[in-house]
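Working notes, structure below.
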Amino acid sequence: MPQEGSSPVPADAHSLPQEREQRIAKARKLAELGRAPYGRAFARTGTLAEVRAAFEPGRVVRVAGRLMTIRNMGKSVFADLRDGTDRFQVFASRQQMGEEPYDVFKLLDTGDHIGVEGELMLTRTGEQTVRVDKWTMLSKALLPLPEKWHGIKDPEARYRRRYLDLISNPEVRARFDLRSRIVRELRSFLWSRGYTEVETPMMQPAPGGALARPFETHYSALNASMYLRIAPELYLKRLLVGGYDRVFELNRNFRNEGLSKTHNPEFTMLEAYEAYSDMRGMMRLVQDMILHVARTVKPEGPLEFGSGDQRVDMAPPWREAAYRDLIVEKMGPDWYELDRARAGERAAALGLDIAPQMDLSEITHEVYEKAIEKTLMAPTFVTRLPREFVPLARTCEDDESVVDVYELVIQGKEISPGYSELNDPLDQRRRFEAQVGKERHRMDEDFLAALEQSMPPAGGMGLGVDRLVMILAGSEAIRDVILFPQLRQKPEAVPDAAAGTGER
RNA sequence: GGACGCUUAGCUCAGCUGGUAGAGCAUCUGACUCUUAAUCAGAGGGUCGCGGGUUCGAAUCCCGCAGCGUCUACCA
């Protein structure tokens, strides 16, 4: 296995010509000395945080963690151990441990995992410390840690090797812990409201529930094309038909579209449906839910998130504004009397790109999306959207030209749409047929059959979980709230994967 | 998808108008029994993203490619 000095070095070893070899040699040496470099379970007195909380000098404890720093003083060594909860200093001395175990201890490198048994003590400077009596090798690190002071900064390395980002940037770990809490609170809120969580297919024969390009895959056993879902909507509605009055799913959707600061091809979506409710009921639900989560994240003080011009005040009541009113507010009371040319000029004056083929309602929508929506910082329910932009939604009772929908905008981002769901199967069929012409989506006959079985009137809502986390965490990029964001594949894998195998 | 920018040691970064590459941390050797970015002395480590071109000579200039970033486009 070891390469002869004269034989060519494996290509991937170039990246770490020396240190990795040294660490492998140390692992071998440890093994020779009877200390397996990769250990098994280690019974701990508790986590480092627990041991710190119950600190008592003289008490014997067993702790484990990753060695983060080592300060070698000759006949004694101070080192910092870290686990998922805390950092804790350990102190090893030749006098205490005996010559041989102490010398072996000095084979350790930063990055290694070890288990330690010994008495708790206070150093002269008052730092809580474990004095090592015995220690166990748990796992030898062959690769060095990122720079201890500056950490890892290169964005590409941070995303591709997120484990290093998590090790060296504590605020990153804190942000993902926050995400976990948010997700948990969303669930517990809905459970407390009597909702049942379900899981519906992610692989679907006919992707529906939204207008988006799907990912396509192939199911060999059936020799059939399948699609990763773009939304769970049509399955959740089947469950309304099946008698679930309150149902939600919190899981991944996939859309075959571009990457951006606010778009990842797989993203986490919450969808909830409530029988006998409507869009108004869902407005109340989503407001209560987001306020509940925000309060959990920030238990006291004003409900403000983000900073600078992205600062958001979530304090209720949240504004509700009809689409048309927002337009008039921005473009003047005569906007809807303008002809196409005048409207185009006025929109262009705002710096918008108005293409010649755009009609009045398209120009208006461009104004909404580019000049209005982005400026809505505080939570705003935009209602009564023009039906041509939400073709599958139910129209308002008092005005057939607008739909009974809300779109919740926070910090200029669409966070949550809500609907009074369509339950007329023949109407739904007509609208699907109109869509199938434009999009290449297949008609979901099975779903239409379910509707024909009678679906109760219902309110439905969606919530972009990643974006909610962005707002509550004060992150400006979706990649900062997704552990492993989608990146292009590199021709070569991350360094060292194949080193030593003799391949490549 | 388009425009612009970046890519130098394991990590964080210098490197001028082209003259054969540096620092700190990490690593190795030595000293050191209360340190905490330990300290002190010494050493090793680089296909300068990849491929081509210009030139006596390229990390540096030119072209192509890749990855990443920013803005932009589609979308939640």
Side-chain angles (χ1 to χ4, degrees), chain A residues 9 11 13-23 25-26 68-80 87-97 102 109-111 121-129 131 141-161 164-165 167-168 209-214 230-231 253-271 353 355 369-370 373 407-409 413-417 462-468 470 476-479 485 487-492 494-496:
Chain A
V9 181
H14 277 302
S15 50
L16 291 168
Q18 207 183 21
E19 184 159 1
R20 185 168 172 275
E21 293 306 319
Q22 288 163 348
R23 287 176 177 239
K26 284 181 178 177
M68 297 305 291
T69 57
I70 297 175
R71 295 176 290 282
N72 186 346
M73 314 285 299
K75 292 194 177 62
S76 71
V77 174
F78 287 92
D80 288 326
R87 204 177 243 267
F88 211 96
Q89 180 167 269
V90 300
F91 171 68
S93 79
R94 188 168 174 149
Q95 188 182 30
Q96 180 71 21
M97 298 167 67
Y102 178 77
D109 290 304
T110 55
M121 59 174 257
L122 283 175
T123 63
R124 264 177 215 162
T125 53
E127 172 147 0
Q128 299 182 353
T129 301
R131 192 180 59 204
L142 301 184
L143 300 178
L145 289 172
E147 212 266 351
K148 67 179 171 190
W149 200 236
H150 299 94
I152 184 166
K153 288 221 171 76
D154 175 32
E156 185 178 354
R158 290 183 48 212
Y159 298 138
R160 288 193 196 275
R161 308 179 74 188
L164 292 180
D165 194 26
I167 290 169
S168 73
L211 299 175
R213 186 142 57 109
I230 56 177
N253 287 349
F254 307 85
R255 299 193 183 173
N256 204 343
E257 286 152 6
L259 295 163
S260 83
K261 220 173 167 176
T262 50
H263 294 83
N264 196 61
E266 54 179 304
F267 61 101
T268 302
M269 184 82 171
L270 166 66
E271 282 197 16
D353 249 348
E369 291 198 320
K370 297 289 154 58
E373 191 179 73
E407 204 150 81
L408 174 61
V409 179
K413 302 176 180 73
E414 290 167 31
I415 284 295
S416 165
L463 177 73
V465 173
D466 310 280
R467 289 183 178 180
L468 178 66
M470 284 169 69
E476 293 194 4
I478 199 166
R479 285 179 168 178
L487 298 176
R488 272 173 213 279
Q489 294 180 26
K490 276 204 141 177
E492 268 174 275
V494 172
D496 338 301

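Below, read A as the first sequence line, B as the second, and so on, with proteins coming before strands; counting in each chain starts at 1. As the structure is a prediction and not an experimental result, all values here were calculated from the model.
- B:rC4 and B:rC62 are spaced 14 Å apart, taking the P atom of each and rounding to whole Å.
- Side-chain N/O atoms of A:K148 include one lying less than 4.0 angstrom from OP1 or OP2 on B:rA26.
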Please output the side-chain donor-acceptor pairs of residues 143-152 of chain A that fall under 3.5 Å, not counting sequence neighbours, one pair per line with the distance.
| residue | atom | partner | partner atom | Å |
| --- | --- | --- | --- | --- |
| A:E147 | OE1 | A:W149 | N | 2.8 |
| A:E147 | OE1 | A:H150 | N | 2.5 |
| A:E147 | OE1 | A:H150 | ND1 | 3.0 |

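- Comparing the same atom, C1', in B:rA66 and in B:rU29 gives a spacing of 41 Å after rounding to whole Å.
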Could you go over nucleotides 27-29 of chain B and give all protein N or O partners under 3.5 Å, atom names and distances?
| residue | atom | partner | partner atom | Å |
| --- | --- | --- | --- | --- |
| B:rU27 | O2' | A:Q22 | OE1 | 2.1 |
| B:rU27 | O2' | A:Q22 | NE2 | 3.4 |
| B:rC28 | OP1 | A:K26 | NZ | 2.3 |

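- The side-chain contact (heavy atoms from CB on, under 4.5 Å) test applied to A:P417 returns A:Y419, not counting sequence neighbours.
- The side chain of A:P146 approaches B:rC11 more closely than any other nucleotide in the set B:rC11, B:rG1, B:rU35.
- A donor-acceptor contact under 3.5 angstrom links the side-chain atoms of A:Q89 to the base of B:rU35.
- Every residue meeting the side-chain contact (heavy atoms from CB on, under 4.5 Å) condition with A:E476, not counting sequence neighbours, appears here in chain and number order: A:K261, A:Q310.
- Considering only residues two or more places apart in sequence or on other chains, A:F78 meets the ring-ring contact (aromatic ring centres under 6.0 Å, His included) condition with A:F91.
- Across the P atoms, B:rU70 and B:rG52 are found 32 Å apart, a figure rounded to whole Å.
- Between A:K153 atom NZ and B:rA14 atom P the separation is 11 Å, expressed in whole Å.
- Take A:E127 and apply the side-chain contact (heavy atoms from CB on, under 4.5 Å) test, not counting sequence neighbours, and it matches A:Q89, A:T123, A:T125, A:T129.
- For the OP1/OP2 pair of B:rU35 and a distance below 4.0 Å, the side-chain nitrogens and oxygens of A:R71 include no atom meeting the criterion.
- Comparing the same atom, C1', in B:rC48 and in B:rA9 gives a spacing of 10 Å after rounding to whole Å.
- Nucleic acid contact for A:G462: none, since no nucleic acid atom lies under 4.0 Å from a heavy atom of the residue.
- Residue-level contact check: A:K261 touches the backbone only, with heavy atoms under 4.0 Å from sugar-phosphate atoms and none from bases.
- On the C1' atoms, B:rG19 is 43 Å away from B:rG1, given to the nearest whole Å.
- Counting atom types as modelled, A:T123 pairs a side-chain N or O with a base atom of B:rU35 as donor and acceptor under 3.5 Å.
- Spacing between B:rU47 and B:rG30 at atom P, rounded to whole Å, works out to 28 Å.
- Every residue two or more places apart in sequence or in another chain was checked for a ring-ring contact (aromatic ring centres under 6.0 Å, His included) with A:F88, and none qualifies.
- Separating the P atom of B:rA41 from that of B:rA26 is a span of 15 Å, rounded to the nearest Å.
- Atom P of B:rG18 sits at a distance of 8 Å from the matching atom of B:rC61, rounded to the whole Å.
- When base pairs are accepted only as Watson-Crick or G-U wobble with both N-N or N-O distances under 3.5 Å, RNA chain B takes part in stems of 3 or more pairs at B:1-7 with B:66-72, B:10-13 with B:22-25, B:27-31 with B:39-43, B:49-53 with B:61-65.
- Closest heavy-atom contact between A:A210 and A:A231: CB-CB, 4.2 Å.
- Contact check, A:R131 against B:rC34: no side-chain N or O comes under 4.0 Å of OP1 or OP2.
- Residues satisfying the side-chain contact (heavy atoms from CB on, under 4.5 Å) criterion with A:P155, sequence neighbours excluded, are A:Y159.
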